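Source: prediction; values computed, not measured.
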Amino acid sequence: MPTTLRGALTFLVALWLTLEILGALVLPPVARGETRADPGFAALEAGLHDAVNETRGTRHLLRLERNALLDRAARAHAEDMAARRYMSHDTPEGLNPVDRIQRAGADGFTLAAENVGLTTKADPNREILTGWLHSPPHRRNLLMPAFNATGIGIARAADGTYYYTQVYATFPRE
């Protein structure tokens, strides 16, 4: 056992590092509370994008173009919600959708909004889209004529719950 304050601190830091390294090596990501890396998320995101554009098309609205920076913001928020088990447009630290979009590097947009959702259903895209279309504020975002760009992020929590974020934005036309 350490006999000095410095020795005790050194011991605690070494113990902490050892536990972190062992936890990373021994425990699977799900047991550590992290989101699951699933190659199917790209397909789910693309499927949601297509379904949203199909819904907008039936109303003669512009297609939403995927934007890599908006995808980055949406994915980061979905992953954060899944990892920390919350669902909100604001992070626990108070960052709102515009803050997160700007932090992802997107600028020049004139309007932005966000839809979030979670589901445990076997067909998560259908569940989420149906829910958004039946919720007036989410429906308004999804069908707003002014929006021309989107970002989509999907993450899965350790318990299997899917967390969805779709960011909408308006960029000036060239």
Side-chain angles (χ1 to χ4, degrees), residues 34-92 94-174:
E34 298 173 11
T35 57
R36 294 182 186 178
D38 186 333
F41 290 161
L44 279 174
E45 291 170 359
L48 181 65
H49 180 240
D50 290 343
V52 165
N53 275 333
E54 183 178 313
T55 301
R56 288 175 61 89
T58 64
R59 289 151 180 88
H60 308 289
L61 298 170
L62 290 172
R63 288 184 51 81
L64 298 175
E65 297 297 323
R66 293 281 296 271
N67 177 294
L69 296 174
L70 296 179
D71 279 345
R72 180 187 305 168
R75 281 189 192 116
H77 189 53
E79 290 170 358
D80 185 48
M81 289 190 300
R84 298 200 286 170
R85 303 303 311 255
Y86 73 94
M87 189 178 81
S88 176
H89 295 289
D90 295 332
T91 67
L95 295 176
N96 63 40
V98 172
D99 296 329
R100 292 190 309 274
I101 292 168
Q102 289 173 331
R103 282 187 171 196
D107 58 6
F109 60 92
T110 58
L111 185 65
E114 176 184 80
N115 284 352
V116 296
L118 61 83
T119 184
T120 58
K121 302 292 184 188
D123 187 356
N125 279 356
R126 188 161 94 183
E127 177 75 13
I128 290 295
L129 185 57
T130 299
W132 286 346
L133 289 172
H134 284 94
S135 163
H138 294 97
R139 180 182 176 88
R140 192 170 26 257
N141 288 342
L142 200 143
L143 299 177
M144 185 169 294
F147 291 138
N148 59 15
T150 191
I152 299 171
I154 301 171
R156 195 167 189 189
D159 69 356
T161 302
Y162 288 95
Y163 286 79
Y164 278 64
T165 302
Q166 183 168 18
V167 175
Y168 307 90
T170 303
F171 289 95
R173 302 204 185 275
E174 295 176 0

key: A146: partners by side chain to side chain contact (heavy atoms under 4.5 Å, CB included), with sequence neighbours left out   = L111, M144, T170
query = How would you list, by chain and number, every residue that makes a salt bridge (Lys or Arg N to Asp or Glu O under 4.0 Å) with E114, sequence neighbours excluded?
reply = R100
query = Parallel, tilted or perpendicular: which describes the rings of Y168 and F147, with under 30° parallel and over 60° perpendicular?
reply = parallel
task = Measure across L129 and A51 and return the closest heavy-atom pair with its distance rounded to 0.1 Å.
result = CD2-CB, 3.6 Å
ask   = Which pair of non-hydrogen atoms, one from M87 and one from V116, has the smallest distance, and what is that distance?
value = CG-CG2, 4.0 Å
note = Shortest non-hydrogen pair, F109 vs A169, comes out as CB-CB, 4.2 Å
ask   = Atom NE2 of H138 and atom CD1 of I128: how far apart are they, to the nearest 0.5 Å?
value = 9.0 Å
inquiry  = Test of understanding: with side chain to side chain contact (heavy atoms under 4.5 Å, CB included), list the residues that count as partners of S88, not counting sequence neighbours.
reply    = Y86, D90
ask   = In Å and rounded to the nearest 0.5 Å, what is the OG1 to CZ distance from T119 to R156?
value = 10.5 Å
message = Go through it in stages, so that I can follow the logic: the residues are T91 and H77, the test is side-chain contact (heavy atoms from CB on, under 4.5 Å), and I'd like the CA-CA distance, side-chain angles, deciding distance and then a yes or no.
response = CA-CA 8 Å; T91 67; H77 189 53; 4.2 Å; yes
query = Do side-chain atoms of S135 reach the backbone of G131 as a donor and acceptor pair under 3.5 angstrom?
reply = no
key: Minimum-distance pair of heavy atoms, taken over all atoms of A149 and L70   = CB-CD1, 3.9 Å
query = Hey, does the side chain of N125 reach the backbone of L44 with a donor-acceptor pair shorter than 3.5 angstrom?
reply = yes
ask   = What side chain to side chain donor-acceptor pair (under 3.5 Å) pairs are there with at least one residue in residues 52-63, not counting sequence neighbours?
value = H49-N53
query = Given side chains that start at C-beta, do those of E127 and T120 come closer than 4.5 Å, heavy atoms only?
reply = no
query = From Q166 CD over to W132 CH2, what is the distance, rounded to the nearest 0.5 angstrom?
reply = 5.0 Å
note = Sorted by chain and residue number, the salt bridge (Lys or Arg N to Asp or Glu O under 4.0 Å) partners of R66 (sequence neighbours excluded) come out as E45, D71
query = Nearest heavy-atom pair of L95 and R103: which atoms, and what distance?
reply = CD1-NH1, 3.3 Å
key: Test item: side-chain donor near acceptor, D80 and Y163, under 3.5 Å   = no
inquiry  = Quick check against the 3.5 Å criterion: does T150 have a side-chain atom that pairs as donor or acceptor with the backbone of V167?
reply    = yes
task = Grab the two heavy atoms, one from A104 and one from R72, that are nearest each other, plus how far apart they are.
result = O-NH1, 3.0 Å
key: side chain to side chain donor-acceptor pair (under 3.5 Å) pairs, two or more places apart, involving residues 139-149   = N115-N141
